[in-house]
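Working notes, structure below.
Each chain gets a letter, A, B and so on, in the order its sequence line appears, and its residues count up from 1. None of these values were measured; they are calculated from a predicted model.
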2 protein chains.
Amino acid sequence: MAATVAVENLNPKVLKCEYAVRGEIVIHAQRLQQQLQTQPGSLPFDEILYCNIGNPQSLGQQPVTFFREVLALCDHPYLLQRDEIKSLFSADSISRAKQILASIPGKATGAYSHSQGIKGLRDTIAAGITSRDGFPANADDIFLTDGASPGVHLMMQLLIRNEKDGILVPIPQYPLYSASIALHGGALVPYYLNESTGWGLEISDVKKQLEDARSKGIDVRALVVINPGNPTGQVLAEENQYDIVKFCKNEGLVLLADEVYQENIYVDNKKFHSFKKIVRSLGYGEEDLPLVSYQSVSKGYYGECGKRGGYMEITGFSAPVREQIYKIASVNLCSNISGQILASLIMNPPKAGDESYASYKAEKDGIIASLTRRAKSLEDAFNKLDGITCNEAEGAMYLFPQLSLPQKAIQAAKAANKAPDAFYALRLLESTGIVVVPGSGFGQVPGTWHFRCTILPQEEKIPAIISRFKVFHEAFMAEYHD
Amino acid sequence: MAATVAVENLNPKVLKCEYAVRGEIVIHAQRLQQQLQTQPGSLPFDEILYCNIGNPQSLGQQPVTFFREVLALCDHPYLLQRDEIKSLFSADSISRAKQILASIPGKATGAYSHSQGIKGLRDTIAAGITSRDGFPANADDIFLTDGASPGVHLMMQLLIRNEKDGILVPIPQYPLYSASIALHGGALVPYYLNESTGWGLEISDVKKQLEDARSKGIDVRALVVINPGNPTGQVLAEENQYDIVKFCKNEGLVLLADEVYQENIYVDNKKFHSFKKIVRSLGYGEEDLPLVSYQSVSKGYYGECGKRGGYMEITGFSAPVREQIYKIASVNLCSNISGQILASLIMNPPKAGDESYASYKAEKDGIIASLTRRAKSLEDAFNKLDGITCNEAEGAMYLFPQLSLPQKAIQAAKAANKAPDAFYALRLLESTGIVVVPGSGFGQVPGTWHFRCTILPQEEKIPAIISRFKVFHEAFMAEYHD
């Protein structure tokens, strides 16, 4: 092996970066999956159940038909000239594809677009945001991205100058944030969500952490809020959102609002309110608060992770700063056009009166209802086990139960050189094939242990998962009983 | 406007980054295009001709039918169950779509894939590389990416620790490299291509620049080669490639081989040889040389820029370094699946005997033959003008003519606070609607002036472009005659 490049001489920011959602346990799971293929029967289970990642279609969720009809027609516009398609595609998917193609210069779905994305699609998205919020949105504020992640990286790249620039991030957090801050060489300033109040966000704690960071010379530049929460599944109360916005304005922070789970809500007493709506409801305008809102086609009821579509809506930045944002976007030319089209579709799905509406609504409602039932079943099952407590999954795609581990288990983990929750998750995988992510990958109050489990396995598999989980957990607790 | 975020407190690496391909002149062109729409007849031309970027389908090139058939079927697999498709799709596109879907776990084109891309597609790509080179390729070495750019950024992020880490880059260069090095805070170490030998790469100059950089304390980590060249259009001689590989091995440099134009060759006396093939032909193995080869669906005869597909093949890196590469890739989850599928298709297009083969070959040959004619017409036209000399476009999608500007033009540019070639390009745009990129955006020998012009406008427009260009150029030269 050429010695020129070795781990010792790589960028230390890369070495520092961690991403548990696809980390050690998942790599081990992939090895076990190969083993199941090459040596069937060699493990105490016959399939790997990936509950580590919000990837619904990998577990059997079907795509929404209307969206895929439009994508197929846009990919191969020749079809639109043929009569046979009338029996294969809905009338509104045909008219929508024609309308989308007409909005693309030269109808060229194979061309690089404007670096913010195709203008006509951004118009559609802006109209969707306006309709959602009741406040106007502008196509010039939309940057279409390959999923939400590149937009998060872009803002970190823009704001972080060195290790003295800090970003307030909820703990537990989605590790994209810690990874991106590490890769860009900044300081993650943690604020803790309160597990005992259903993962509530308490401004007093955020303020304390901000002041503490400032006293250490950290220039805190932005606050990340994930709503609905990942990995924690809570939906912020509207009052709480007002407090967050006022806090960011008063403290001069950019508000980075991760709102990719905006259509994943499973309780009647909570609603999604975008931070853009909250900001405007307070009467704040462009001059008051820089705000970035992230949306993705990967989540919601659509779950189109593989299409890598998404956008960020940026408001409250000066023209010269926006030029810099545009410049970084332009270095990567543009996001993929299928993802751009899909982002426009999720913000403007079929409406009552459209041919597809009834079937579209049945698909959408069926998915959300099933996710609601799965969330409830898993939450109830976890709460029935000794040594596990689990908050309600109000939204998103996850549960984040707390483990009360016996001292002997903690010692065994230490002997194996693992965090206790990683030790537990590894044993769970090896006993049951169920893949969860240890809480240590997301951050947690020191001395507490958790794991993140998605609610995404298909509904018919949930009872078996619960029973396998129960058998494992009880055996584990018995083995390490204090 | 909130004062919190201002250009003065942004990441200085972002401010330093430049990307001329979508820079000032292009933004001005977009404004003129809007003016043409809102006030037709208000400009001395009636359309903007974008010759600034290698974006063939934006100028009317049609996508290859077979590729789009397969993409549409994979987007909406329900079609595969319907008999009507037999009259709409070729038999081999149907069988190929089925084969691709079977290689995707759960046939889920809407799921995140393995962070390197779907294994079955990487197998296809590895087989395509093996067949191209006559040396084995391995699916584990392939990382599928959203176009080639993210792979370039990834390697810069990995290798650059600080401003003392240098990357050897050809001048003129594709500004992705200077932009990425600036964004990651490294040092661009230039080596000059020799215009008088058809943009030849001279190892003696590279060695001189390397030693010069080292004497300044720069740790030179990698050498970028773009073959066929961008913006220069040359195809490296095989002998030259051997020298480059030996040089990288002897000097302990990573070889970053930008090979995205591998299927854009317009002369009979040159062939594309991948650096992987050259390395293996020399008998060098994994231990001798770290090599990254980039390929993209955006270029070639396919020109599918909007699909954002591509891959990098990495060889010669140790397992721990590869783990770091995998980790960075995993933070962004995966590249878009349509782009992944398309990357597998371009590396395994229809073969003789397949139903689509004749029409596929006709489309492919037609595009390449037309590009060859367009390159030659534009090259001849430029060379006929006083004050312009232009090397042969052997490959890629560009000509990079040199301008001999009169002193008065240089003074006028200085008075307008522009580089002379930027001044020329701006005047060209305002007189003719033709958008080219000034040589200063790519780098050039100090005191020389160039522009990059794509060969991509549709063939029927080339005569008009040439005549408009000629009228402008002669008037410009007359105006500033010394």
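The greatest number of non-hydrogen atom pairs below 4.5 Å with chain A, out of B:G309, B:S149, B:G285, B:G252, is found for B:G252. Note on B:I160, B:L73, B:V152: by heavy-atom pairs under 4.5 Å with chain A, the leading option is B:I160. Note: A:A72 leads A:A72, A:P320, A:A222, A:P56 in heavy-atom pairs under 4.5 Å with chain B.
The shortest side-chain heavy-atom distance between A:V14 and B:I325 does not fall under the 4.5 Å cut-off. Under the 4.5 Å side-chain criterion, counting only non-hydrogen atoms from C-beta, B:E323 is not in contact with A:V7. Between A:T109 and B:E304 the shortest side-chain heavy-atom distance does not fall below 4.5 Å. The side-chain heavy atoms of A:N332 and B:H153, taken from C-beta on, include a pair separated by under 4.5 Å.
If you measure heavy-atom distances from A:F67 to chain B, you find no contacts under 4.5 Å at all. For B:L183, the parts lying near chain A are the backbone and the side chain together; criterion is any non-hydrogen pair under 4.5 Å. Only the side chain of B:D146 comes within contact range of chain A, with heavy atoms under 4.5 Å apart. A:Q30 touches chain B through its side chain: at least one heavy atom from C-beta onward sits under 4.5 Å away, while N, CA, C and O do not. For A:L158, the parts lying under 4.5 angstrom from a heavy atom of chain B are both the backbone and the side chain. Interface residue A:Y78: only side-chain heavy atoms are found under 4.5 Å from chain B. Of the atoms belonging to B:L59, not a single heavy atom falls under 4.5 Å from chain A. Both the backbone and the side chain of A:L15 come within less than 4.5 Å of a heavy atom in chain B. Residue B:K13 touches chain A through its side chain alone, counting heavy-atom pairs closer than 4.5 Å. In this structure, the portion of B:L79 lying under 4.5 Å from any heavy atom of chain A is its side chain and not its backbone. Looking at A:S180, neither its backbone nor its side chain comes within 4.5 Å of chain B, counting heavy atoms on both sides. With a threshold of 4.5 angstrom between heavy atoms, B:Q61 does not approach chain A through any atom at all.
A donor-acceptor pair under 3.5 Å is formed between the side chain of B:R308 and the backbone N or O of A:C334.
Distance check: B:L333 CG to A:L176 CG gives 8.0 Å after rounding to the nearest 0.5 Å. Here the OG atom belonging to B:S330 is positioned 7.5 Å from the CD1 atom belonging to A:I27, to the nearest 0.5 angstrom.
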Review point. Would B:L71 and A:L71 satisfy side chain to side chain contact (heavy atoms under 4.5 Å, CB included), going step by step from the backbone distance to the final call?
Key: CA-CA 9 Å; B:L71 288 183; A:L71 288 182; over 6 Å; no
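Of the N and O atoms on the side chains of A:H184 and B:N11, not one donor lies less than 3.5 Å from an acceptor on the other residue. Using modelled atom types and a 3.5 Å distance limit, the side chains of A:H76 and B:D75 yield no donor-acceptor pair. Side-chain contact check for B:R221 and A:T4: no donor-acceptor pair (N or O, by modelled atom type) lies under 3.5 Å.
In terms of heavy-atom proximity, A:E84 sits nearest to B:S87 at OE2-OG, 2.9 Å. Considering all non-hydrogen atoms of both residues, B:Q324 and A:L10 come closest at CG-CD1, 3.8 Å. Counting all heavy atoms, side chain and backbone alike, B:V331 lies closest to A:C17 at CG2-SG, 3.9 Å. Between B:S338 and A:K307 the shortest heavy-atom distance is OG-NZ, 3.6 Å. Of all heavy-atom pairs between A:Q57 and B:A108, the closest is O-CB, 3.2 Å. For the residue pair A:R161 and B:N9, the shortest heavy atom distance occurs at NH1-CB, 3.4 Å.
Residue B:Q33 places its CD atom among more than 12 non-hydrogen atoms of other residues, nucleotides or ligands, all under 6.0 Å distant.
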